[in-house]
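Below: one structure, written as structure tokens.
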Amino acid sequence: MPEIKERLQKAGINIIMSYIEKDPEKNLEKLLDGFDLFSNGSFAVQRKYFRKFLIDNPDSNWRKLAMRVLKEMHPRVLNKLVANFFLNANMIGWKKQEELRNKYNCNIPWAILLDPTSACNLHCTGCWAAEYGNRLNLSYEDIDSIIRQGKELGVYFYIYTGGEPLVRKKDIIRLCEEHDDCIFLSFTNGTLIDEAFANAMLRVGNFIPAISVEGFEEATDGRRGAGTFEKATGAMEILRSKRLPFGISACYTSQNLESITSEAFYDQTVAWGAYFIWYFHYMPVGKDAVPELMLTPEQREYIYHKIREYRQTKPIFGMDFQNDGEFTKGCIAGGRRYLHINANGDVDPCVFIHFSDSNIHEKTLLESLRSPLFQAYHDNQPFNDNHLRPCPMLENPEILERIVKQTNAKSTDLEAPESAEALCGRCKAYAANWKPTAEKLWTASHPAKSK
């Protein structure tokens, strides 16, 4: 019966999308009606906001973004995105995840990040991945098994990190074909995207790149190497010409903050054709970490306000991995919403926290989620009632130290294993300095919760 219901849902979505393709402006509300119909009452808050900003406010930047997506994206890819991301990964997948969270009393992720390879063709300043070399890879069979196990848990969203994932182009496309019901996103430097790969993306329809830049040419090439910006923007032009979706990934540091949050840069991301921009806070991870790249409290407060401002004015979706803990009720790692599997098969709670007590070559995905380390995440989340201090490493370093010690988790740094004390030691001054500002911002936006 569930299978029949899901087939009917997908058939209904296909009918609705046929109307959308004919006249997006007129039929957008039909798409929202379809989501209401298939949601079984879930995601009520999200659906309310969709209507508020897409229907009730026709001049809003969100409406403009929706029209960009519906008019500019290739219909085949748009249909696959709606079916795999909105229907499978959210409406169908979320229900199953919730059932299993209750059944096993552990975290079940919404998304799984994994490193197909440790290899990368660049050596970016402050990036731990560049330290690992090209020695390690998850085999095609490894990744296929992870995805199959994930789907049994209701997970239909998979994100590739690295290394440079597109070193494994052929396997990535093959996995898109094999798992046609999933959506795949990849963080990439973009330098390996060419016409042939873009054509393969168009054919499968369920792969979306997030291309990393540090702002404009000087800032990007300064961290990533001469010529990187030109190659990345060239990749964007190829993708845009084929009406393929992509986004921008940007790591903000004390040195590039103004470059990647300027209005000129935001407008340029729209001009490039990106639909989203995903911001990450610099984390002092690995033997080549540069603590000086961490933000001052004043800089972090600036970006907190700036991204929220653009979120209400620019036709592109901006996400702030660190400061948006406010909307996710704290840390989403440890399988609460996602986990990370490195190229050695180690199951880390977070892409930024390289400690583990599980490996996919020794445990199933569910066994890893029920391991002492992941159970400690489950039992201790949120790590702080102030969700502007969500991370057990960056803002609450004493907690990560305690959890690693209690669970006997080991460092999964592939080149220079480090202790939790050493890693967290680089965060203690930052955490103390950020706390007063975080408390001020939290009190201003959540006065009732701060009493």
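Using a cutoff of 4.0 Å between basic side-chain nitrogens and carboxylate oxygens, E98 and K95 are not scored as salt-bridged. Using a cutoff of 4.0 Å between basic side-chain nitrogens and carboxylate oxygens, E326 and R308 are scored as salt-bridged. We find that D320 and R311 are not joined by a salt bridge, their nearest charged nitrogen and carboxylate oxygen being 4.0 Å or further apart. In this structure, E398 does not pair ionically with K428, as no charged nitrogen and carboxylate oxygen lie closer than 4.0 Å.
Although no hydrogens or angles enter the test, the distance criterion places no donor-acceptor pair under 3.5 Å between the side chain of R203 and the main chain of E177. Judged by distance alone, the side chain of N386 and the main-chain N or O of A438 form a donor-acceptor pair under 3.5 Å. Q299 contributes a side-chain N or O that, together with a main-chain N or O of T296, makes up a donor-acceptor pair within less than 3.5 Å. Side-chain N or O atoms of N256 include one that pairs as donor or acceptor with a backbone N or O of C251 at under 3.5 Å. Here the side chain of N88 pairs a donor or acceptor atom with the backbone of D181 at under 3.5 angstrom. T412 places a side-chain N or O within donor-acceptor distance of the main-chain N or O of H354, the cut-off being under 3.5 Å. Side-chain atoms of S254 come within 3.5 Å of backbone atoms of E292 as a donor-acceptor pair (strictly under, hydrogens ignored). Here the side chain of T443 pairs no donor or acceptor atom with the backbone of K440 at under 3.5 angstrom. Checked by atom type and distance alone, the side chain of R76 pairs as donor or acceptor with a backbone atom of L202 at under 3.5 Å. No donor-acceptor distance shorter than 3.5 angstrom exists from the side chain of R336 to the backbone of N107, with no hydrogens or angles considered.
What you find for L175 and Y160 is that their closest heavy atoms are CD1-OH, 3.5 Å. Of all heavy-atom pairs spanning Y338 and C350, the tightest one is OH-SG, 2.8 Å. Considering all non-hydrogen atoms of both residues, V204 and K80 come closest at O-NZ, 2.8 Å. When every heavy atom of L373 is checked against every heavy atom of S356, the shortest pair comes out as CD2-CA, 3.7 Å. N84 approaches C182 most closely through the heavy-atom pair ND2-O, 2.8 Å.
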Carefully, step by step, assess T313 and N61 under the rule side chain to side chain donor-acceptor pair (under 3.5 Å). CA-CA 6 Å; T313 57; N61 63 306; 6.0 Å; no

Stepwise, does the salt bridge (Lys or Arg N to Asp or Glu O under 4.0 Å) test hold for D59 with K64? CA-CA 7 Å; D59 295 325; K64 292 175 183 176; over 6 Å; no

Decide salt bridge (Lys or Arg N to Asp or Glu O under 4.0 Å) for R240 and E237; before the verdict, give the C-alpha distance in whole Å, the side-chain angles of both, and the deciding distance to 0.1 Å. CA-CA 5 Å; R240 186 179 182 187; E237 182 56 38; 5.2 Å; no

Worked verdict on E395 versus R300 for salt bridge (Lys or Arg N to Asp or Glu O under 4.0 Å): CA-CA 13 Å; E395 293 108 351; R300 183 165 171 183; 2.7 Å; yes

Run the side-chain contact (heavy atoms from CB on, under 4.5 Å) test on D171 and I143 for me, step by step, so that the C-alpha distance in whole Å, both residues' side-chain angles and the decisive distance to 0.1 Å come before the verdict. CA-CA 9 Å; D171 282 342; I143 302 174; 5.8 Å; no

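Separation of the F246 and Y275 ring centroids does not fall under the 6.0 Å cut-off. You'll find the ring centres of F317 and W278 outside the 6.0 Å limit. A ring-centre distance under 6.0 Å is not found for F207 and F184. Less than 6.0 angstrom separates the ring centroid of F157 from the ring centroid of W110.
Rounded to the nearest 0.5 angstrom, L114 CG and I147 CD1 are separated by 6.5 Å. Summarising the geometry, atom CD belonging to Q149 is positioned 10.0 Å from atom CG belonging to L369; distances are rounded to the nearest 0.5 Å. Atoms CG and CG, on N384 and N396 in that order, are 4.5 Å from each other to the nearest 0.5 Å. Interatomic distance, F355 CZ to I403 CD1, rounded to the nearest 0.5 Å: 11.5 Å. For the atom pair S212 OG and F187 CZ, the distance stands at 7.5 Å (nearest 0.5 Å).
The aromatic rings of Y430 and H281 lie perpendicular to each other, with more than 60° between the two planes, well past the 30° mark. Ring geometry, W442 versus H446: the interplanar angle falls under 30°, so the pair is classed parallel (tilted spans 30 to 60°).
Around NZ of K435, the count of heavy atoms belonging to other residues, nucleotides or ligands within 6.0 Å does not exceed 12. Other residues, nucleotides and ligands place no more than 12 heavy atoms under 6.0 Å from the NZ atom of K329. Surrounding CD of E418 are more than 12 heavy atoms belonging to other residues, nucleotides or ligands, all under 6.0 Å away.
With a 6.0 Å cutoff to the six-membered ring centre and a 45° limit on the axis angle, R101 counts as a cation-pi contact of W94. No cation-pi contact links R389 to W434, judged by a cut-off of 6.0 Å to the six-membered ring centre and 45° from its axis.
For the pair L192/F197, no side-chain contact is recorded, criterion being any heavy-atom separation below 4.5 Å from C-beta on. Residues T437 and Y304 have side chains not in contact (no heavy-atom distance under 4.5 Å, counting atoms from C-beta outward). Using a 4.5 Å heavy-atom cutoff, the side chains of N189 and I211 are not in contact. Side-chain contact between P390 and T328: absent, with no pair of heavy atoms (C-beta onward) separated by less than 4.5 Å. Proximity of K96 to I108: side-chain heavy atoms (C-beta onward) are nowhere separated by under 4.5 Å. Between M393 and V285 there is a side-chain heavy-atom pair separated by less than 4.5 Å. Proximity of I146 to I112: side-chain heavy atoms (C-beta onward) are separated by under 4.5 Å at one or more points.
In this structure, the salt bridge (Lys or Arg N to Asp or Glu O under 4.0 Å) partners of K314, at least two apart in sequence or on a different chain, are E263, D267.
For the residue pair D324/Y279, the side-chain donor-acceptor check at 3.5 Å is not satisfied. E164 and T188 share a donor-acceptor pair across their side chains, judged by distance under 3.5 Å alone.
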